[in-house]
*Asks:* 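The structure that follows is given in the form of structure tokens.
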Amino acid sequence: MEVVTHSRCFGGDQGVYRHASEVCGVDMTFAVYMPPQARREPVPVLWYLSGLTCTHDNAMTKGGMQLHAARHGIALVFPDTSPRGAGVADDEAYDLGIGAGFYLNATQDPWKAHFRMYDYVVEELRTLLEDTLPISERHGITGHSMGGHGALTIAMRNPERFQSLSAFAPIVNPTQSDWGRKQFSSYLGDDESAWAQYDATILMTEIGWPGDILIDQGADDQFIDLLRPQAFAEAASRRRQPCVLRTHAGHDHSYFFVSSFAGDHVAWHAERLKMH
């Protein structure tokens, strides 16, 4: 695990790292914030998955989460959104290819050689961090937009690995959205039965989540028709799933929205990860 940058931040440490990923077949870059409490004992972890076009850097520098993480004694992990580098397939559209991994395991050429962000987050990066850093086995996960889609689907499919779950303006019904159908057909092929495992609304209907969920959504989000929050809300209601879905007047899809409610999400996870 190569150190790219390292900075002191709110008494803790904000680092950016690079490692050779066997899962993705290229070097991957990610960021980790370790709170000051980690110098005394292992701390729980909150994963933040970013949205379309982002890298590890967007939420690290614009999300405003480190102060809240330091107060609650919780580590933050900011993975990249896709593999990058020579030989990695890409597309001229911003919402397919590099920067648009959708946190799935691609099965179709030319994507399947590198686009395995589901296994990267669930297995490889988690194992690397647990073997390297003073973190506990208690993990929560959140994310924004495409990253919110990743957080919801990864957590619901792996409840034994994540103890808390939230999302900011997530893509919740990608099989019925242009932010999903295009990408899934490219990455997974035309058999739509293979898409369901990556659709939070379908997963809510079929398996749910053993805990409660926090979702924040901006009422003035310019992409709300692509996100389809009403579909997830209806599925959660039918399942009687404990879920706090908040819609905020005046807020859009930007990091101004994310940073406005970052403290609420860190506190939500800290409480459920048994930290105060």
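Quick note: numbers below take in every heavy atom, side chains included, and nothing from hydrogens, waters or symmetry partners.
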*Asks:* To the closest 0.5 Å, what do you measure between CD (Glu192) and CZ (Arg181)?
*Replies:* 4.0 Å

*Asks:* Would you confirm whether Arg161, through its side chain, and Val122, through its main-chain N or O, come within 3.5 Å as a donor-acceptor pair?
*Replies:* yes

*Asks:* Taking atom types as modelled, is there a side-chain donor on Tyr118 or Asn158 under 3.5 Å from an acceptor on the other?
*Replies:* yes

*Asks:* So which pairs with a foot in residues 20-36 pass side-chain hydrogen bond (donor to acceptor under 3.5 Å, both in side chains), sequence neighbours left out?
*Replies:* Ser21-Glu124

*Asks:* Using modelled atom types and a 3.5 Å cut-off, is there a donor and acceptor pairing between side-chain atoms of Gln241 and backbone atoms of Gly211?
*Replies:* yes

*Asks:* Would you say the side-chain atoms of His56 and Asp80 include a donor-acceptor pair closer than 3.5 Å?
*Replies:* no

*Asks:* Would you give the length of the straight line joining atom CG of Leu76 to atom CE of Met65, rounded to the nearest 0.5 angstrom?
*Replies:* 5.5 Å

*Asks:* How are the rings of Phe257 and His144 set to each other: parallel, tilted or perpendicular (split at 30° and 60°)?
*Replies:* tilted

*Asks:* Would you say Arg84 and Val26 make side-chain contact, with heavy atoms under 4.5 Å?
*Replies:* no

*Asks:* Can you find a heavy atom in the side chain of Tyr48 that is under 4.5 Å from one in the side chain of Met60?
*Replies:* no

*Asks:* Looking at His248 versus Phe256, is the centre-to-centre ring distance below 6.0 Å?
*Replies:* no

*Asks:* I'd like to know if the side chain of Gln183 reaches the main chain of Gly180, judged simply by a donor and an acceptor atom lying under 3.5 Å from each other, with no hydrogens or angles considered.
*Replies:* yes

*Asks:* Going by salt bridge (charged side-chain N to carboxylate O under 4.0 Å, His left out), name the residues that satisfy it together with Arg157, two or more places apart in sequence or in a different chain.
*Replies:* none

*Asks:* Ser177 side chain to Leu227 main-chain N or O, any donor-acceptor pair under 3.5 Å?
*Replies:* no

*Asks:* Do side-chain atoms of Arg116 reach the backbone of Lys112 as a donor and acceptor pair under 3.5 angstrom?
*Replies:* no

*Asks:* Taking atom types as modelled, find out whether Asn58 and Ser50 have a side-chain donor-acceptor pair closer than 3.5 angstrom.
*Replies:* no

*Asks:* Spell out, as yes or no, whether a donor-acceptor pair under 3.5 Å connects the side chain of Thr81 to the backbone of Leu52.
*Replies:* no

*Asks:* Looking at His114 and Ser82, would you say the former's side chain and the latter's main chain have a donor-acceptor pair under 3.5 Å?
*Replies:* no

*Asks:* Would you call the rings of Trp179 and His253 parallel, tilted or perpendicular if under 30° counts as parallel and over 60° as perpendicular?
*Replies:* tilted

*Asks:* Aromatic contact between Tyr198 and Phe102, with the criterion being ring centroids under 6.0 Å apart: yes or no?
*Replies:* no

*Asks:* Examine distances only and state if a side-chain atom of Gln217 and a backbone atom of Phe168 form a donor-acceptor pair shorter than 3.5 Å.
*Replies:* no

*Asks:* Of all the heavy-atom pairs spanning Ala236 and Cys243, show the shortest one and how long it is.
*Replies:* CB-CB, 4.5 Å

*Asks:* Is there a donor-acceptor pair under 3.5 Å between the side chain of His149 and the backbone N or O of Val172?
*Replies:* no

*Asks:* Please report the shortest heavy-atom distance between Ala155 and Leu165, naming the atom on each side.
*Replies:* CB-CD1, 3.6 Å

*Asks:* Are side-chain heavy atoms of Phe162 and Trp209 found at a separation under 4.5 Å?
*Replies:* yes

*Asks:* Is there a donor-acceptor contact under 3.5 Å linking the side chains of His265 and Asp216?
*Replies:* yes

*Asks:* Determine the minimum heavy-atom distance between Ile154 and Tyr103, stating which atoms define it.
*Replies:* CD1-CB, 4.3 Å

*Asks:* Answer whether the closest heavy-atom distance between the side chains of Val121 and Arg126 falls below 4.5 Å.
*Replies:* no

*Asks:* Between Val244 and Trp268, is any pair of side-chain heavy atoms under 4.5 Å apart?
*Replies:* yes

*Asks:* Among His269, Arg272, His139, find the residue that satisfies the side chain to side chain donor-acceptor pair (under 3.5 Å) test when tested with Ser164.
*Replies:* His269

*Asks:* Might you point out which heavy atoms bring Asn173 and Ala231 nearest each other, and give the distance in Å?
*Replies:* OD1-CB, 3.5 Å

*Asks:* Looking at Val88 and Ile98, what are the two nearest heavy atoms and their distance?
*Replies:* CG1-CG1, 4.0 Å

*Asks:* Quick one: are Asp95 and Lys182 in side-chain contact, heavy atoms under 4.5 Å?
*Replies:* yes

*Asks:* Does Gln176 CD have over 12 foreign heavy atoms under 6.0 Å away?
*Replies:* yes

*Asks:* For the residue pair Phe232 and Ile213, establish whether any side-chain heavy-atom pair is separated by less than 4.5 Å.
*Replies:* yes

*Asks:* Taking CD in Glu160 as the centre, count heavy atoms belonging to other residues, nucleotides or ligands within less than 6.0 Å. Is the count above 12?
*Replies:* yes

*Asks:* Dump the intermediate steps for salt bridge (Lys or Arg N to Asp or Glu O under 4.0 Å) on Arg39 and Asp13, then the final yes or no.
*Replies:* CA-CA 10 Å; Arg39 299 192 187 99; Asp13 298 283; 3.2 Å; yes

*Asks:* Contact between Tyr17 and Thr132 at the side-chain level, heavy atoms closer than 4.5 Å - yes or no?
*Replies:* no

*Asks:* With distance as the sole test, does Arg239 use its side chain to make a donor-acceptor pair with the main-chain N or O of Ile207 at under 3.5 Å?
*Replies:* yes

*Asks:* Check whether the side chains of Asp191 and Ser193 place a donor and an acceptor atom closer than 3.5 Å, and report yes or no.
*Replies:* yes

*Asks:* What are the two closest heavy atoms between Ala151 and Ser166, and how far apart are they?
*Replies:* CB-O, 4.0 Å

